[in-house]
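A note on names: the letters A, B, ... follow the listed sequences, proteins ahead of strands, and every chain is numbered from 1.
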Number of protein chains: 2
Amino acid sequence: MNISRGPGQAPKYQRLAADLRRRIAAGEWQGEAALPVEAELEMQYGVARNTVRLAVDVLVNEGLLIRVQGKGTFLKDRSVLDHHAYRSPSEPWPGDSLARPSEVYTEEAQAAGRKLTADFEMLIVRARTDIADRLGLRPGEAVVVRRMLRLLDGEPWSIEESHFAAGLAAGTPLMEPDPVDGGDEAVLGDIGRVEVGAVDHLSARMPGPEEAQWFQAGPGVPLMVQTRATYDTRGPVRVIETRYSADRSRLRYGLGTPVVR
Amino acid sequence: MNISRGPGQAPKYQRLAADLRRRIAAGEWQGEAALPVEAELEMQYGVARNTVRLAVDVLVNEGLLIRVQGKGTFLKDRSVLDHHAYRSPSEPWPGDSLARPSEVYTEEAQAAGRKLTADFEMLIVRARTDIADRLGLRPGEAVVVRRMLRLLDGEPWSIEESHFAAGLAAGTPLMEPDPVDGGDEAVLGDIGRVEVGAVDHLSARMPGPEEAQWFQAGPGVPLMVQTRATYDTRGPVRVIETRYSADRSRLRYGLGTPVVR
DNA sequence: GGTGATTTGTGCGTATGTATT
DNA sequence: TAATACATACGCACAAATCAC
């Protein structure tokens, strides 16, 4: 392919990126195979190393390729784990359709032949304004954050943070720096705050530096953010913000009357 | 700030990026203000232009900054439009909680003081394997795709594609290259295929080149992808895949018993 | 309407650092 | 240890878009 630049043409590096994209789509390299090394691409296309890197940058930022220093440039693998974020109330399933004790995650992973582990942290912070809003608190009020860091086959998968008003958590096991058997909803049940409804907000964005580090997310891998505000008959109970590495997860919502398949 | 690189330190451009991130967070530039020009940053930090560009690249890919040739580098604006992807059946709302005629979008935009317009296309294609799967078709069977391109204040906002089995659409207005009053569900109702349930899958990824062009999405702006498979009592009805520019949209799901706020 | 100054975009070359094999 | 391959960093030149005059 000739990528010399004429007038009215796209820049070289973009044309090079397009050609590499085409060769990838054509299956020239399979699986997680390595691409030709940069020096080889320089020669194949007769361009400077800089131009090769600009082109590969494009595909890396699209999430198609990953670069590994000292090894090479590789096709990126994409295998996702579905998570049931919600089931229709009538879908047969042990427990509530809003509840999500840790066992749910473990089971989903096992069903997919994969292994899910988790770390736990508890912290007390001043609420972000959007969280305070949804909990019905004044801005800057203290909230208890219970954070679950989930790993899939040892790779970072999601960060789940449950936010409780300090008043609600006081005097309960939610103040302890340990996960609770049966999930936090067990505690909520004990104090008569059974969640009956929720509103989820879903968005996506690129990770910040700390997030990119924890998720081991290179360029081209967005985060998917699920923010769930739950309610009982008295009012707001908690806000759960869960961040997923988008290249490893997909969320599923069962809506309306479930259909047997 | 001194960003000379010592041993064991992060690379210059990363430290420069971190410092710029800090200055942005500190509010040194407000609104959509311009950052110092590249030459100015070169001098401030005493580095080569290349290094400045690498650092700014980082922040652009995080979605924090945008660059405009001939003008400068600017803070990126983020204003999102919420879309009600699902409402609890008991939430008061005209029409079904699964249905989404165009009017819903228009109303949501109006409520936010913005204007939503749309273009329509109809095409007949061989089904992608995942679509065929969910429609219960053999791979490669023909499907009718009804595509709605939605613009918010004239800016690209979402692409919605409804996929119907060719057999189902035959002989109905779904074969016409025009939108249907009341939405496609009006046609489905007429032929006795009232959707009673659905399964949504949500994911996020970076746009491909055509998508990036249509969405006018620079680097750092992911797509959010919602795939809804709907059912009536007889089986699959349609698959709706909607792609949103993640920096302009947020999806809302009302779950369980709705709570008055 | 045009001209030049400003600012980012593209492209080349070179050298050296660092991780992997 | 040596070779390989990507990462970082410098410098330079010109193109293309924008804007002020």
> Drop me the distance from A/E121's CD to A/D119's CG, to the nearest 0.5 angstrom.
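Those atoms lie 7.5 Å apart.
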> Should the pair B/H83 and B/Y105 be assigned to parallel (<30°), tilted (30 to 60°) or perpendicular (>60°) ring geometry?
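The arrangement is parallel - the two ring planes meet at less than 30°.
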> Could you state the CD-C1' distance from B/E42 to C/dT7, rounded to the nearest angstrom?
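So the CD-C1' distance, B/E42 to C/dT7, works out to 12 Å.
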> Take the protein atom NZ of B/K71 and the nucleotide atom C1' of C/dA5, then report the distance between them rounded to whole Å.
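It is 17 Å, rounded to the nearest whole Å.
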> Please state whether the phosphate of D/dA5, meaning OP1 or OP2, lies under 4.0 angstrom from any side-chain nitrogen or oxygen of A/T73.
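Looking at the OP1 and OP2 atoms of D/dA5, neither is under 4.0 Å from any side-chain N or O of A/T73.
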> May I have the distance from A/F74 (atom CZ) to C/dA19 (atom P), rounded to whole angstrom?
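It works out to 16 Å between those atoms.
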> Would you call B/R228 and B/R134 a side-chain contact if the rule is heavy atoms closer than 4.5 Å?
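Of all side-chain heavy-atom pairs linking B/R134 with B/R228, none is under 4.5 Å.
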> What is the distance from CZ of A/R49 to C1' of D/dC10, rounded to the nearest Å?
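Between C1' of D/dC10 and CZ of A/R49: 14 Å.
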> On DNA chain D, nearest-nucleotide positions of A/N50 versus B/L54: which is more 5'?
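Looking at the nearest nucleotide for each, B/L54 comes out on the 5' side.
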> What is the distance, to the nearest angstrom, from the NZ atom on B/K12 to the P atom on C/dG17?
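Rounded to the whole Å, the gap is 13 Å.
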> Return the angle between end axes of the helix from C/dG2-D/dC21 to C/dT21-D/dA2, with five pairs used per end and rounding to 10°.
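If I round to tens, the end axes sit 20° apart.
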> Within 45° of the six-membered ring axis of A/Y86 and under 6.0 Å from that ring's centre, is NZ or CZ of A/R252 located there?
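Cation-pi check for A/R252 and A/Y86: fails.
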> So which nucleotide from D/dT8, D/dC10, C/dT7 ends up closest to the side chain of B/V37?
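Looking only at heavy atoms from C-beta outward on B/V37, the closest nucleotide is C/dT7.
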> I would like to know whether A/L251 and A/L202 meet side chain to side chain contact (heavy atoms under 4.5 Å, CB included); could you show each step before the answer?
CA-CA 10 Å; A/L251 298 186; A/L202 289 151; 3.7 Å; yes
> Hey, are the side chains of B/L75 and B/W29 touching, using non-hydrogen atoms and a 4.5 Å cut-off?
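Of all side-chain heavy-atom pairs linking B/W29 with B/L75, at least one is under 4.5 Å.
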> Check whether any side-chain nitrogen or oxygen of A/T51 sits under 4.0 Å from OP1 or OP2 of C/dT10, and answer yes or no.
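No, because none of the side-chain N or O atoms of A/T51 sits under 4.0 Å from OP1 or OP2 of C/dT10.
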> Of all the choices, C/dG9, D/dC6, C/dG11, which nucleotide is nearest to the side chain of A/E38 once you look at every atom?
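From the listed options, D/dC6 comes nearest.
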> Expressed in angstrom and rounded to an integer, what is the separation of A/Q69 atom CD from C/dA19 atom P?
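Value for this atom pair: 6 Å.
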> Is any side-chain nitrogen or oxygen of A/R53 closer than 4.0 Å to OP1 or OP2 of D/dC6?
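For A/R53, the contact criterion (side-chain N or O under 4.0 Å from OP1 or OP2 of D/dC6) is not met.
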> Round to a whole Å and report the spacing from CD of A/Q14 to C1' of D/dA16.
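Roughly 13 Å, once rounded to whole Å.
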> Can you find a side-chain donor-acceptor pair between A/E241 and A/H163 that sits under 3.5 Å?
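Absent: no donor and acceptor within the cut-off.
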> For B/I66 and C/dT7, give me the distance from atom CD1 to atom P, rounded to whole Å.
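The answer, rounded to whole Å, is 17 Å.
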